Enquirer: 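After the structure tokens below, expect a handful of questions from me.
Starting from 1, each residue takes its place in the sequence as its number. Just so you know, these numbers come straight off a predicted model, no measurement behind them.
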Amino acid sequence: MTDRSSAPAQLDLFEHSHDTMLRNAVIDALEQRDAAAARAAWAALEAACPRDAALPSLELLLRAIEASGRADFADHDSLRAARSVMSESIEPAARRIFGAPHSSPWLAPLWRNLARRAGRLAYRSEHSDDHAAPLWLAACDWPDAIACVDGIESWRRIPAPLGWMVQARQRQYGLASAWPLIAELAWLAPERLQRLAKSLADPLLDRLLEKFYAGFEGEGTSADLAWFPAWTLTQEPGLAPLLGAAQRGLCGEAEQCLRLVVELLGLERQGRQREGVERRRRLRDLNPSIFAAFMAQR
């Protein structure tokens, strides 16, 4: 005698398996960036499973590869609109469909396309995010990001491009190549450095920042990071050639502090500690917390 009690469960399993096959067909076509195949697979999924929760996200990604434009952006407003669609709609949909680790490679060609189309737009402070450089960064295309920032006049004196270059150089060449720019960004826009450091996720930088926040006696705000380069040298004196290579800025107290620590370390290496007495006094007057950190290592 045949047991029919399991028939509904078997049917549900078949339907679930069929749904999964249809959904995977769309995803496979999207991964291959085959718009025609993806559209046909999506239509089949919609016809068979009109309430499938993945349909809206799949359609967003499908439209993204179908409508990938080639014309240059006419102005910053049109770039901003396209960038907003990418960051607010397409990027979250890609994370839902492919998962966070695998969405970035799929999105990279779309970001790269936007960057190429934005290539003729000059940097404008009032449209700081609407420029090709951050789009190259989103595409993880570090050499093009570096070249793009290099094309911005006086980029080392402007917080946004300076931050972009820190990220691009750290990704392309490692943290060592970015230290001079990190110092300049700390003096110019410490709040931007605070945000950027989280995205860099560099073990050495994270460790130093953690110790800095725990031990530096400051105001307890992002402004304290202006002193971070000088404090770093008290913990990692081997970084003196890199941090000392930072371009001279307005020579504020935080920058003066770094220059003094570099000079003191140089005198120590030459066995001329007595000549550093006056410099140590100036360091103490500039920032007692940096002075204490420096003397704690002596």
Enquirer: Any idea which heavy atoms bring W155 and L181 closest together, and the distance?
Expert: CH2-CD2, 4.0 Å
Enquirer: Are side-chain heavy atoms of L114 and F73 found at a separation under 4.5 Å?
Expert: yes
Enquirer: Go through the structure and list residues passing ring pair (Phe, Tyr, Trp, His ring centres under 6.0 Å) with H102, not counting sequence neighbours.
Expert: none
Enquirer: Supply the atom-to-atom distance F216 CZ to L225 CG, rounded to the nearest 0.5 angstrom.
Expert: 9.5 Å
Enquirer: If the condition is salt bridge (charged side-chain N to carboxylate O under 4.0 Å, His left out), which residues does E275 pass it with, not counting sequence neighbours?
Expert: R272
Enquirer: Please examine the side chains of Q167 and Q172, heavy atoms only from C-beta on, and report whether any two atoms are closer than 4.5 Å.
Expert: no
Enquirer: May I ask you to check whether S103 and R95 show a side-chain donor-acceptor distance below 3.5 Å?
Expert: no
Enquirer: About how many Å separate CG of L107 and CD of E91, when rounded to the nearest 0.5 Å?
Expert: 5.5 Å
Enquirer: With side chain to side chain contact (heavy atoms under 4.5 Å, CB included) as the criterion, how do I152 and W164 come out once you've worked through the C-alpha distance, each side chain's angles and the decisive distance to 0.1 Å?
Expert: CA-CA 11 Å; I152 300 174; W164 298 334; 4.1 Å; yes
Enquirer: In terms of hydrophobic clusters joined by side-chain contacts under 4.5 Å, are L137 and L135 together?
Expert: no
Enquirer: Do R23 and L58 have side chains that get closer than 4.5 Å, going by heavy atoms?
Expert: yes
Enquirer: I'd like to check D224 versus Y213 (side-chain heavy atoms, cut-off strictly below 4.5 Å). Are they in contact?
Expert: no
Enquirer: Any salt bridge (charged side-chain N to carboxylate O under 4.0 Å, His left out) involving residues 167-176? Give me the pairs, sequence neighbours left out, ordered by first then second residue.
Expert: none
Enquirer: Looking at every non-hydrogen atom in both residues, tell me the closest pair between A48 and L22 and how far apart they are.
Expert: CB-CD1, 3.5 Å
Enquirer: Evaluate S199 against L196 for side chain to side chain contact (heavy atoms under 4.5 Å, CB included), listing each step before the verdict.
Expert: CA-CA 5 Å; S199 66; L196 177 61; 3.6 Å; yes
Enquirer: Quick test of your reading of the model: are R157 and E184 salt-bridged, counting only N-O distances below 4.0 Å?
Expert: no
Enquirer: For the residue pair P229 and L258, what are the closest heavy atoms and their distance?
Expert: O-CD1, 3.7 Å
Enquirer: Can you find a heavy atom in the side chain of N287 that is under 4.5 Å from one in the side chain of F294?
Expert: no
Enquirer: Verify, without hydrogens or angle tests, whether S89 (side chain) and M86 (backbone) share a donor-acceptor contact under 3.5 angstrom.
Expert: no
Enquirer: Would you call the rings of H76 and H127 parallel, tilted or perpendicular, where under 30° means parallel and over 60° means perpendicular?
Expert: parallel
Enquirer: Do Q273 and L267 come within less than 4.5 Å of each other through their side chains, counting heavy atoms only?
Expert: no
Enquirer: Are L188 and I158 connected in the hydrophobic side-chain network, where two residues link if heavy atoms are under 4.5 Å apart?
Expert: yes
Enquirer: When you look at CZ of R274, are more than 12 heavy atoms from neighbouring residues, nucleotides or ligands closer to it than 6.0 Å?
Expert: no
Enquirer: Can you tell whether the side chains of R120 and D72 come within less than 4.0 Å, N to carboxylate O?
Expert: yes
Enquirer: Any chance you could measure L162, atom CG, to L193, atom CG, to the nearest 0.5 Å?
Expert: 9.5 Å
Enquirer: Calculate, to the nearest 0.5 Å, the distance between atoms CG and NZ belonging to L205 and K198 respectively.
Expert: 12.5 Å
Enquirer: Distance-only criterion, 3.5 Å: show the donor-acceptor pairs between side-chain atoms of residues 24-31 and protein atoms not counting sequence neighbours.
Expert:
{"from": "N24", "atom 1": "ND2", "to": "T20", "atom 2": "O", "distance (Å)": "3.4"}

Enquirer: Check for a donor-acceptor pair, side chain of W227 on one end and backbone N or O of I290 on the other, with a separation under 3.5 Å.
Expert: no
Enquirer: Do the side chains of L60 and I97 join up, straight or via other hydrophobic residues, at under 4.5 Å, putting them in one cluster?
Expert: no
Enquirer: Going hydrophobic residue to hydrophobic residue with side-chain gaps under 4.5 angstrom, can you get from V149 over to W136?
Expert: no
Enquirer: About how many Å separate CD of Q170 and CD1 of I182, when rounded to the nearest 0.5 Å?
Expert: 7.5 Å
Enquirer: Do the non-hydrogen side-chain atoms of D150 and I146 ever get within less than 4.5 Å of each other?
Expert: yes
Enquirer: By the salt bridge (charged side-chain N to carboxylate O under 4.0 Å, His left out) test, which pairs, at least two apart or in different chains, include something from residues 281-295?
Expert: E278-R281, R281-D285
Enquirer: Is the backbone N or O of E217 less than 3.5 Å from a side-chain atom of S289, with the two atoms forming a donor-acceptor pair by type?
Expert: yes
Enquirer: I'd like to check D52 versus L45 (side-chain heavy atoms, cut-off strictly below 4.5 Å). Are they in contact?
Expert: yes
Enquirer: Sequence neighbours left out, what passes salt bridge (charged side-chain N to carboxylate O under 4.0 Å, His left out) with D206? Give chain and number order.
Expert: none
Enquirer: Transitively linked via ILVMFWY side-chain contacts under 4.5 Å: W187 with L209?
Expert: yes
Enquirer: Ring-plane angle category for F98 and W106, please: parallel below 30°, perpendicular beyond 60°, tilted otherwise.
Expert: tilted
Enquirer: With the threshold set at 4.0 Å, does a side-chain nitrogen-carboxylate oxygen contact exist between R51 and E46?
Expert: no
Enquirer: Say whether, by atom type as modelled, one donor and one acceptor occur between the side chain of S78 and the main chain of D75 under 3.5 angstrom.
Expert: yes
Enquirer: If you take all heavy atoms of G163 and R192, which pair is closest and at what distance?
Expert: CA-CD, 4.5 Å
Enquirer: Return the minimal non-hydrogen interatomic distance between P190 and A226, and the atom names on each side.
Expert: CB-N, 3.9 Å
Enquirer: With R259, which of Q256, E263, E255 fulfils side chain to side chain donor-acceptor pair (under 3.5 Å)?
Expert: E255
Enquirer: So which atom in S177 and which in P180 form the shortest heavy-atom distance, rounded to 0.1 Å?
Expert: O-CD, 3.8 Å
Enquirer: Return the CG to CZ distance between L200 and R195, rounded to the nearest 0.5 Å.
Expert: 12.5 Å
